[in-house]
Q: 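I'd like to ask you about the structure that follows.
The sequence lines fix the lettering, A, B, ..., with proteins before strands; numbering per chain opens at 1.
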There are 2 protein chains.
Amino acid sequence: MTALSFCAHDHAACVADRMRHAREHCAREGLKFTPVRARSLEILLQEHRALGAYDLLAQLSRENLGSQPPVAYRALDFLVKAGLAHKIEALNAYVACTHSGTDHTPAFLICRGCNVVAEADTALSPGRLDVAAAAAGFEIEHTVIEAQGLCPSCQETAT
Amino acid sequence: MTALSFCAHDHAACVADRMRHAREHCAREGLKFTPVRARSLEILLQEHRALGAYDLLAQLSRENLGSQPPVAYRALDFLVKAGLAHKIEALNAYVACTHSGTDHTPAFLICRGCNVVAEADTALSPGRLDVAAAAAGFEIEHTVIEAQGLCPSCQETAT
DNA sequence: ATCATATTGATATGTTATAACATACTTGAT
DNA sequence: ATCAAGTATGTTATAACATATCAATATGAT
Ligand SMILES: [Zn+2]
Ligand SMILES: [Zn+2]
Ligand SMILES: [Zn+2]
Ligand SMILES: [Zn+2]
C-alpha cells in the first residue's frame with residue numbers, strides 16, 4: 001500500500017511498530033535514541049501529517065522535554081539524518097518516515113485539505129531528471145519530490 | 001540543452017531574450033510588467049542562481065525601487081504566478097524561469113557548490129509518483145522536483 | 001467624472017532556523 | 001578511579017524568511 005496515510009488502519013499498532021523499528025535501527029547503528037528524540041518521533045508518528053518544528057516544540061514543552069527552538073531542531077536533525085523522518089520542503093515541516101527500508105528517495109503526496117502526508121514507496125523511477133543530470137554531468141546527491149493536491153476524502157468535501 | 005545554466009553561453013543575449021519574452025507574455029495576458037517587476041526579473045536573470053527574497057530586496061533597495069520586504073515578495077509573487085520565475089522550495093529562494101513555454105512542471109538541478117540552478121526542460125515524465133497518486137485516488141495539483149548535488153565544475157574544485 | 005480595482009508605500013508582526021556559548025552526560029583509555 | 005574526548009542538552013540571542021494591515025496612489029472601465 002503506497003498511500004497508507006489516506007486509508008483507515010490500526011494506527012496504534014502502526015505507531016508502535018514504527019517505534020520498535022526505530023529503536024532497533026538505532027541500536028544496530030549505534031545511534032542514541034534518547035527520550036527527547038524518541039518522544040519527538042512518536043509525536044510525528046501520531047499524526048500522518050507534517051508538523052512544523054515549533055508545533056513539535058510546543059508539544060515537547062508541554063511535556064517538559066524542552067522549551068527552546070534548538071531542542072526541536074536537534075531532535076528533527078537527528079531523526080532526518082537517521083532516516084526516521086523527512087523534511088517536507090514545500091511546507092517547511094517534518095513527517096515521520098513510513099518506510100522500513102534504509103536509504104531511499106522518498107516521494108510525497110501532500111493534501112492541502114487535511115495536511116495528511118503520504119510517503120510513496122516508489123523505489124524511484126529514473127525519470128527524465130536523471131537523464132538530464134547525466135547529460136549535464138551533474139551529480140545528484142539528494143532529490144526532493146513532493147506532489148501537492150487533494151486526497152480522496154478532501155476531494156469529496158470540496159464542493 | 002537542458003542544463004544551460006551550467007554551460008558557457010551568451011548570457012547578455014540570454015537575459016535580453018528572456019526579458020523580451022516576458023514583456024510579450026505580459027502584454028498578451030494583460031499583466032502589468034511594472035518597473036519593479038521588470039527589474040526584479042532582470043536581477044534574477046543576471047544570475048542563473050536562486051536568490052533569496054532579501055537578496056533581491058537588497059539590490060532593489062540599492063536602486064531605490066523599494067526597501068521593505070513586501071516589495072520583494074510582491075514582485076516575486078507576480079513573477080511566480082505569471083510563470084516567469086519559480087520558487088526553489090529546498091532553498092527558500094527564487095530563480096528566473098528559463099522556459100519559453102506556458103504551463104510546465106519544472107524540475108531543477110541545484111548545485112550546492114556554486115548555487116547555480118538549472119531548470120530541466122522535461123515535458124514531464126509520468127513517473128511512479130503519478131502511478132501511486134492515481135492508485136490512491138490523490139489528485140495532484142502541483143509538483144516540486146528538486147535535485148541537489150554538484151555541477152561539473154564544482155566536482156572538479158572539490159578535491 | 002465616478003467608481004472599482006490594482007499597485008505601491010509603510011509599519012508592524014509572525015514564522016522558521018541557526019549561531020554561539022555553557023554545561024552535563026557517556027564512553028573508553030590509562 | 002581519573003582523565004580526556006566526544007556527544008547531547010540547556011540557554012540566550014539573532015538571523016533569515018514571510019505575511020497582515022492599512023493608507024495612498026494610479027489605472028481603467030462605465
Ligand atoms: Zn498510522
Ligand atoms: Zn486530505
Ligand atoms: Zn544565461
Ligand atoms: Zn556548481
Side-chain angles (χ1 to χ4, degrees), chain A residues 22 26-27 29-41 43-44 49-82 84-95 110 112 115 144 146, chain B residues 22 26-27 29-41 43-44 49-82 84-95 110 112 115 117 144 146 148:
Chain A
C26 289
E29 304 284 326
L31 300 172
K32 295 179 188 169
F33 202 50
T34 65
V36 177
R37 293 168 175 179
R39 184 60 188 136
S40 294
L41 178 59
I43 289 167
L44 290 184
R49 300 184 298 118
L51 288 185
Y54 282 74
D55 296 330
L56 170 62
L57 180 60
Q59 186 58 42
L60 291 175
S61 180
R62 264 173 242 126
E63 304 175 14
N64 290 307
L65 285 169
S67 61
Q68 300 305 319
V71 171
Y73 282 100
R74 284 164 181 163
L76 289 168
D77 281 354
F78 171 85
L79 294 174
V80 168
K81 278 179 182 146
L84 298 170
H86 300 291
K87 179 172 186 184
I88 304 297
E89 297 288 354
L91 302 178
N92 292 317
Y94 304 80
V95 70
I110 305 161
R112 68 170 165 78
N115 279 309
V144 173
E146 298 172 356
Chain B
C26 289
E29 304 283 326
L31 300 172
K32 294 176 190 172
F33 202 51
T34 64
V36 178
R37 292 167 177 181
R39 184 60 187 136
S40 294
L41 178 59
I43 289 167
L44 291 183
R49 299 185 298 118
L51 289 185
Y54 281 71
D55 296 330
L56 170 62
L57 180 59
Q59 186 58 41
L60 291 174
S61 180
R62 265 174 240 126
E63 304 175 14
N64 290 306
L65 285 169
S67 62
Q68 299 305 319
V71 172
Y73 282 101
R74 285 166 180 161
L76 289 168
D77 281 355
F78 171 85
L79 294 174
V80 168
K81 279 181 182 144
L84 298 169
H86 300 292
K87 179 173 187 184
I88 304 297
E89 297 288 354
L91 301 179
N92 292 316
Y94 304 80
V95 70
I110 306 161
R112 67 170 164 80
N115 280 309
V117 173
V144 173
E146 298 173 359
Q148 299 177 71

Q: Could you check whether B:Tyr94 gets within reach of a base, just the sugar-phosphate, or nothing at all, counting any heavy atom under 4.0 Å?
A: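 Sugar-phosphate, no base atom in range.
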
Q: For B:Leu65 and C:dT8, give me the distance from atom CG to atom P, rounded to whole Å.
A: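 Those two atoms, CG and P, are 10 Å apart.
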
Q: Heavy atoms from C-beta onward define the side chain here; which of D:dG28, C:dT18, D:dT19 lies closest to that of B:Pro70?
A: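 The listed nucleotide nearest to B:Pro70's side chain is D:dT19.
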
Q: Nearest whole Å is fine: how far is D:dT27 P from B:Arg37 CZ?
A: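 Those two atoms, CZ and P, are 12 Å apart.
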
Q: Could you check how far CG of A:Leu76 sits from P of C:dT16, rounded to whole Å?
A: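 Atom CG in A:Leu76 sits about 12 Å away from atom P in C:dT16.
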
Q: If you look at every heavy atom in A:Ala93 and A:Ala50, which pair is closest and at what distance?
A: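 Reported closest heavy-atom pair: CB-CB, 3.6 Å.
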
Q: Measuring from atom CD of B:Glu63 to atom CZ of B:Arg39, what distance do you get when rounded to the nearest 0.5 angstrom?
A: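 Rounded to the nearest 0.5 Å, the CD-CZ separation comes out at 4.0 Å.
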
Q: From CG of B:Asp77 over to P of C:dT7, roughly how many Å is that when rounded to an integer?
A: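 Spelled out: CG on B:Asp77 to P on C:dT7 is 12 Å.
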
Q: For B:Thr34, which contact category applies under a 4.0 Å heavy-atom criterion: base, sugar-phosphate, or nothing?
A: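 Here B:Thr34 touches the backbone only, sparing every base.
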
Q: Taking the side chain of B:Gln68 as its heavy atoms from C-beta onward, which of C:dA6, C:dA10, D:dT9 lies nearest to it?
A: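 Looking only at heavy atoms from C-beta outward on B:Gln68, the closest nucleotide is C:dA10.
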
Q: Indicate the ring-plane relationship of B:Tyr73 and B:Tyr54, choosing parallel, tilted or perpendicular according to the 30° and 60° boundaries.
A: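 Aromatic pair B:Tyr73/B:Tyr54 classed perpendicular.
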
Q: May I have the distance from B:Glu29 (atom CD) to C:dA6 (atom C1'), rounded to whole angstrom?
A: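 Checked: the CD to C1' distance equals 17 Å.
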
Q: How close or far is atom C1' of C:dT8 from atom CG of B:Leu60, stated in whole angstroms?
A: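 My rounded result for the distance is 13 Å.
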
Q: Find the distance between CG (A:Leu76) and NZ (A:Lys87) and round it off to the nearest 0.5 Å.
A: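 So the CG of A:Leu76 and the NZ of A:Lys87 are separated by 9.5 Å.
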
Q: B:Glu89 CD to C:dA17 P: how many Å, rounded?
A: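 For the pair B:Glu89 CD and C:dA17 P, the rounded distance is 12 Å.
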
Q: Please determine if a side-chain N or O atom of B:Asn92 lies less than 4.0 Å away from the OP1 or OP2 oxygen of D:dA18.
A: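 Checking B:Asn92 against D:dA18: at least one side-chain N or O falls below 4.0 Å of OP1 or OP2.
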
Q: I need the CG-P distance between B:Leu91 and D:dA16, as an integer number of Å.
A: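 Rounded to whole Å, this separation is 15 Å.
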
Q: Does A:Lys87 place a side-chain N or O at less than 4.0 Å from the phosphate oxygens OP1/OP2 of C:dA17?
A: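 Affirmative; the distance criterion is met.
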
Q: Take B:Arg74 and B:Ala93, find for each the nucleotide of DNA chain D with the closest heavy atom, and name the residue whose nucleotide sits nearer the 5' end.
A: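 The residue whose closest nucleotide sits nearer the 5' end is B:Ala93.
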
Q: Check if the side chain of B:Tyr54 and the base of D:dA18 share a donor-acceptor pair of N or O atoms closer than 3.5 Å.
A: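 Answer yes: a donor N or O sits under 3.5 Å from an acceptor.
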
Q: If you measure from CG on B:Leu44 to NE2 on B:His86, what distance do you get to the nearest 0.5 Å?
A: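 Here the rounded value is 11.0 Å.
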
Q: OP1 or OP2 of C:dA17 less than 4.0 angstrom from a side-chain nitrogen or oxygen of A:Tyr73, does that happen here?
A: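 For C:dA17, OP1/OP2 do have a side-chain N/O of A:Tyr73 under 4.0 Å.
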
